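Notes to accompany the following structure.
Note that the structure is a prediction, hence the values are computed from the model and not measured. In this chain, residues are counted from 1 in sequence order.
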Amino acid sequence: MRNLFAVPVTLFSFAMLACGGGAAPEQQTPAPTQQEQGLNAVGQGCSADTQCSTGLCWTESDSYPLYNPYWIRADQCTEECGGEGDNAYCQQLAAEFNAPYPNQARCIPARGVYDNYPYDDIFYVCDLIPAGLGKVHWVE
């Protein structure tokens, strides 16, 4: 009697699997994040806003005379901050991205930092170069 019951259960299990039932549902793969799509994270070097996951690429020429492009070439993907003195936000951001000196990050004024922004307005951005993020090339 036991053997007669086992065969129908086995056939039923096979039929469920063949029809797609009974098997564990496939896990849906999440959509790729911006970082997985090749965009640079905060603190990585860049030359255009479109390269950054934040949509903001800062270069030293945006913040002249704080950074003089005649003695330094620097770039980084960064974020806007609240204004001069809002260093705490930038320091927290630097720490989240494992900067070697997060307490050195600062909020600085920058001119027309967005590639597609037609004006030379002042924005405030996190300067992560002193924190050890981004790229610096000294001019000789």
Side-chain angles (χ1 to χ4, degrees):
M1 183 82 165
R2 247 187 190 163
N3 288 343
L4 289 175
F5 181 71
V7 171
V9 169
T10 304
L11 289 174
F12 177 74
S13 297
F14 178 74
M16 288 288 292
L17 288 174
C19 294
E26 286 186 33
Q27 289 185 350
Q28 298 221 352
T29 6
T33 64
Q34 289 176 325
Q35 189 61 29
E36 290 169 342
Q37 293 174 358
L39 296 178
N40 295 341
V42 165
Q44 291 185 348
C46 55
S47 59
D49 293 342
T50 54
Q51 294 175 331
C52 298
S53 60
T54 60
L56 178 57
C57 177
W58 171 89
T59 65
E60 86 292 329
S61 60
D62 294 328
S63 299
Y64 181 82
L66 291 175
Y67 277 93
N68 185 335
Y70 295 104
W71 55 267
I72 187 176
R73 297 278 189 263
D75 57 80
Q76 65 189 277
C77 291
T78 191
E79 291 185 7
E80 283 192 55
C81 47
E84 284 190 85
D86 187 21
N87 297 334
Y89 174 75
C90 296
Q91 291 167 359
Q92 177 185 348
L93 185 66
E96 287 175 17
F97 284 89
N98 300 315
Y101 316 105
N103 291 336
Q104 299 299 315
R106 58 195 179 143
C107 184
I108 63 171
R111 297 174 293 119
V113 291
Y114 290 101
D115 294 344
N116 61 354
Y117 194 79
Y119 308 108
D120 200 21
D121 288 348
I122 297 294
F123 295 89
Y124 289 91
V125 299
C126 287
D127 176 12
L128 304 173
I129 297 291
L133 297 176
K135 292 185 178 178
V136 177
H137 313 282
W138 298 102
V139 177
E140 296 185 14

(message) Looking at N68 and P65, would you say the former's side chain and the latter's main chain have a donor-acceptor pair under 3.5 Å?
(response) no

(request) Give the minimum heavy-atom separation between A110 and V125, together with the two atoms involved. (result) CB-CG2, 4.0 Å

(message) Looking at C77 and C57, is the distance between their SG atoms under 2.5 Å?
(response) no

(request) Taking the side chain as every heavy atom from C-beta outward, state whether Y67 and I129 have any atom pair closer than 4.5 Å. (result) yes

(message) Using a 3.5 Å distance criterion without hydrogens, assess whether the side chain of E60 forms a donor-acceptor pair with backbone atoms of A74.
(response) yes

(request) Examine distances only and state if a side-chain atom of Q104 and a backbone atom of A131 form a donor-acceptor pair shorter than 3.5 Å. (result) no

(request) Kindly work out whether a path of hydrophobic side-chain contacts (I/L/V/M/F/W/Y, heavy atoms less than 4.5 Å apart) joins V136 to W71. (result) yes

(request) Would you check if Q76 and L133 make a side-chain contact, meaning some heavy-atom pair closer than 4.5 Å? (result) no

(message) Distance check, rounded to the nearest 0.5 Å: C81 atom SG versus F123 atom CZ?
(response) 12.0 Å

(request) Quick one: closest heavy-atom pair of A95 and P102, and the distance? (result) N-CB, 3.7 Å

(message) Nearest 0.5 Å, please: how far is CD in Q44 from CG in L128?
(response) 11.5 Å

(request) Look at the side chain of D115 and the backbone N and O of D49, then say whether any donor-acceptor pair between them is shorter than 3.5 Å. (result) yes

(message) I'd like to know if the side chain of T54 reaches the main chain of T78, judged simply by a donor and an acceptor atom lying under 3.5 Å from each other, with no hydrogens or angles considered.
(response) yes

(request) Quick one: pull up CG in D86 and CD in Q91 and give me the separation to the nearest 0.5 Å. (result) 9.5 Å

(request) Would you please name every residue forming a ring-ring contact (aromatic ring centres under 6.0 Å, His included) with Y89, sequence neighbours left out? (result) none

(request) Look at the side-chain heavy atoms of Ile, Leu, Val, Met, Phe, Trp and Tyr, link any pair under 4.5 Å apart, and say whether Y64 and V113 land in one connected group. (result) no

(request) Determine, step by step, whether D127 and R106 satisfy the salt bridge (charged side-chain N to carboxylate O under 4.0 Å, His left out) criterion, reporting the C-alpha distance in whole Å, the side-chain angles of both residues, the deciding distance to 0.1 Å, and the verdict. (result) CA-CA 5 Å; D127 176 12; R106 58 195 179 143; 2.9 Å; yes

(message) If we ignore hydrogens and angles and just use 3.5 Å, is the side chain of D75 paired with the main-chain N or O of C46 as donor and acceptor?
(response) yes

(message) Testing the basics here: between W58 and S63, what is the closest heavy-atom pair and its distance to 0.1 Å?
(response) NE1-OG, 2.7 Å

(request) Return yes when the gap between the SG atoms of C126 and C90 is under 2.5 Å; return no otherwise. (result) yes

(request) Output the distance between atom NZ (K135) and atom OG (S47), rounded to the nearest 0.5 Å. (result) 9.0 Å

(request) Indicate, with yes or no, if Y101 and V42 share a hydrophobic cluster defined by side-chain heavy-atom contacts under 4.5 Å among Ile, Leu, Val, Met, Phe, Trp and Tyr. (result) no

(message) Within the structure provided, determine whether L39 and Q51 are in side-chain contact (heavy-atom separation under 4.5 Å).
(response) no

(message) Hydrophobic clusters here meaning ILVMFWY residues chained together by side-chain heavy-atom distances under 4.5 Å, can you tell me if I72 and I108 are in one?
(response) yes

(message) According to ring-ring contact (aromatic ring centres under 6.0 Å, His included), who are the partners of Y124, at least two apart in sequence or on a separate chain?
(response) none

